[in-house]
Amino acid sequence: MGVATADLDDDGDFEVFVVHLERQADALWRNEGAFFRDMTGISGLGSASRRFTRFGVGFVDFDHDGHQDLYVANGRVTLPASSGVPIAEDPFAEPNLLLAGAPDGRFHLAEPAGGTEIPLVATSRAAAFGDLDGDGGVDIVVVNRDGRAHVLRNLSADRGHWLLLELVNWPGRTHLGAQATVHWRGRTFRRRSAPTSSYQSSHDPRLHFGLGVGSPGAPDRATVEVRWPDGTVENIGSLAIDRLHVVRREGHSSTADRP
């Protein structure tokens with residue numbers, strides 16, 4: 001079904017997460033460089049969604065605490081023997097899930113269920129992620145079978161600091177495949193412009209970084225490096241946090257829009 005990739009352990013490479021059918025555990029593969037290690041059980045993702053059929057999926061730091069969370073869109077493909085759903089409702093419908101990432105690398109089911117005050121139960125398929133309203137938080141669009149789409153605005157309270165980078169090439173188009181590394185308060189965060197993960201979805205190609213909650217005296221600028229698809233690595237320098245920056249590559253040099 002759906003596939004998501006992310007650098008979950010800040011080591012510079014990207015883990016792979018694959019979701020499956022009802023009664024099958026999902027699979028989280030940690031990138032060890034020369035091979036992948038199965039981390040499904042250790043991460044807490046082995047049983048959290050086993051009773052659902054999962055499709056759209058994505059790693060996003062919704063609350064900007066510096067740890068990526070996981071959103072999963074669910075919907076059956078076969079009727080259960082006894083669904084318990086009234087005949088007038090959709091018997092294929094299932095609730096979607098939001099799992100909060102923790103510093104120890106584990107994921108825990110968020111409350112309220114699915115991250116919404118009223119649980120959304122539908123036959124969900126695609127899930128796309130991006131900042132729709134320009135407030136720095138990543139929102140979600142879920143496409144449902146035989147029903148309206150759900151547009152979920154991120155209203156997470158007490159969000160931490162963030163950074164949004166738009167990497168463009170010399171004609172001004174998004175530079176797909178480019179990767180950015182951000183250093184802030186002793187941590188390193190990496191994101192790659194690859195908007196075609198999840199399931200039949202295309203996301204906001206800009207790179208979103210949740211940085212964590214600052215403390216008094218914490219720097220209000222982060223150091224940014226960009227690795228372009230041809231392998232060239234450029235030091236963009238120090239950029240202000242809590243805002244969008246457009247990094248343009250022109251010829252063999254790059255510039256960033258600064259406030």
Side-chain angles (χ1 to χ4, degrees), residues 1-78 80-81 83-84 92-116 119-121 123-129 138 140 142 156 160 187-192 194 196-201 203 208-210 212:
M1 300 300 184
V3 177
T5 61
D7 182 6
L8 298 177
D9 50 10
D10 298 339
D11 67 348
D13 48 32
F14 290 78
E15 281 64 59
V16 178
F17 182 64
V18 183
V19 296
H20 298 301
L21 292 168
E22 180 184 6
R23 296 189 300 274
Q24 298 176 358
D26 293 328
L28 176 64
W29 301 97
R30 178 177 174 177
N31 191 335
E32 299 286 3
F35 60 93
F36 285 85
R37 186 186 304 276
D38 185 354
M39 303 294 289
T40 309
I42 295 175
S43 68
L45 297 174
S47 60
S49 60
R50 188 189 296 266
R51 63 192 182 99
F52 305 116
T53 294
R54 290 82 71 189
F55 281 89
V57 59
F59 288 106
V60 176
D61 187 354
F62 291 107
D63 57 0
H64 298 168
D65 67 348
H67 306 287
Q68 297 193 69
D69 310 306
L70 180 68
Y71 188 85
V72 186
N74 302 316
R76 295 186 182 96
V77 295
T78 60
S83 67
F92 295 92
E94 294 182 319
N96 294 340
L97 299 178
L98 175 64
L99 295 99
D104 62 0
R106 294 181 61 83
F107 291 84
H108 308 273
L109 286 171
E111 293 292 341
T116 57
L120 298 177
V121 181
T123 306
S124 298
R125 292 295 185 256
F129 305 90
V138 175
I140 310 172
V142 179
S156 299
R187 285 196 62 188
T188 299
F189 306 86
R190 293 176 180 84
R191 304 286 187 271
R192 181 172 51 203
T196 55
S197 61
S198 187
Y199 175 84
Q200 295 188 354
S201 307
H203 317 291
H208 171 266
F209 298 81

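Just so you know, these numbers use all the heavy atoms, side chains as well, and skip hydrogens, waters and symmetry mates. Residues take their numbers from the sequence shown, with the count starting at 1. What you are looking at is a predicted structure, and each value in this text was computed from that prediction instead of being measured.
Looking only at side-chain heavy atoms (C-beta outward), L45 and M39 stay at 4.5 Å or farther from each other. No side-chain heavy atom of V72 sits under 4.5 Å from any side-chain heavy atom of F52. Residues L28 and L8 are in side-chain contact: their nearest non-hydrogen atoms beyond the backbone lie under 4.5 Å apart. The shortest distance between side-chain heavy atoms of E94 and V121 does not fall below 4.5 Å. Residues M1 and Q24 are not in side-chain contact: their nearest non-hydrogen atoms beyond the backbone lie 4.5 Å or more apart. In this structure, the side chains of H208 and H64 come closer than 4.5 Å at one or more pairs of heavy atoms. Considering only heavy atoms from C-beta on, V3 comes within 4.5 Å of V16 through its side chain.
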Please test R76 against T78 for side chain to side chain contact (heavy atoms under 4.5 Å, CB included), starting from the C-alpha separation and ending with a verdict. CA-CA 6 Å; R76 295 186 182 96; T78 60; 5.7 Å; no
Show, in sequence, the C-alpha distance, side-chain angles and deciding distance for L97 and L109, and conclude whether the side chain to side chain contact (heavy atoms under 4.5 Å, CB included) test is met. CA-CA 7 Å; L97 299 178; L109 286 171; 4.2 Å; yes
Under the salt bridge (charged side-chain N to carboxylate O under 4.0 Å, His left out) criterion, do R30 and E15 qualify, and how do the steps go? CA-CA 5 Å; R30 178 177 174 177; E15 281 64 59; 5.0 Å; no
Quick one: do R190 and D10 satisfy salt bridge (charged side-chain N to carboxylate O under 4.0 Å, His left out)? Show the steps, please. CA-CA 7 Å; R190 293 176 180 84; D10 298 339; over 6 Å; no
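Using the six-membered ring where Trp is involved, H203 and F129 have ring planes that are tilted, between 30° and 60° apart. The aromatic rings of F55 and Y199 stand perpendicular to each other, their planes meeting at an angle above 60°, with 30° marking the opposite boundary.
In this structure, V138 and F62 approach most closely via the heavy-atom pair O-CD2, 3.5 Å. Closest approach of A127 to V57, counting heavy atoms only: CB-N, 4.3 Å. A pairwise comparison of heavy atoms in A4 and S197 identifies CA-CB, 4.5 Å as the closest pair. Taking every heavy atom of both residues into account, G115 and L98 meet most closely at CA-CD2, 3.7 Å.
The salt bridge (charged side-chain N to carboxylate O under 4.0 Å, His left out) pairs that include a residue from residues 46-73 are D26-R54, where partners are two or more places apart or lie in different chains. For residues 5-30, every residue pair satisfying the ring-ring contact (aromatic ring centres under 6.0 Å, His included) rule, not counting sequence neighbours, is listed here: F17-F59.
A donor-acceptor contact shorter than 3.5 Å is absent between the side chain of S198 and the backbone of G56. Of the possible donor and acceptor atoms, none in the side chain of R187 sits under 3.5 Å from a partner among the backbone N and O of G212.
To the nearest 0.5 angstrom, F107 atom CZ is 6.0 Å from L70 atom CG. With rounding to the nearest 0.5 Å, the separation of CD1 in I42 from CZ in R37 is 8.0 Å.
For the side-chain hydrogen bond (donor to acceptor under 3.5 Å, both in side chains) with S124, the lone residue among N96, T53, N74 that qualifies is N96.
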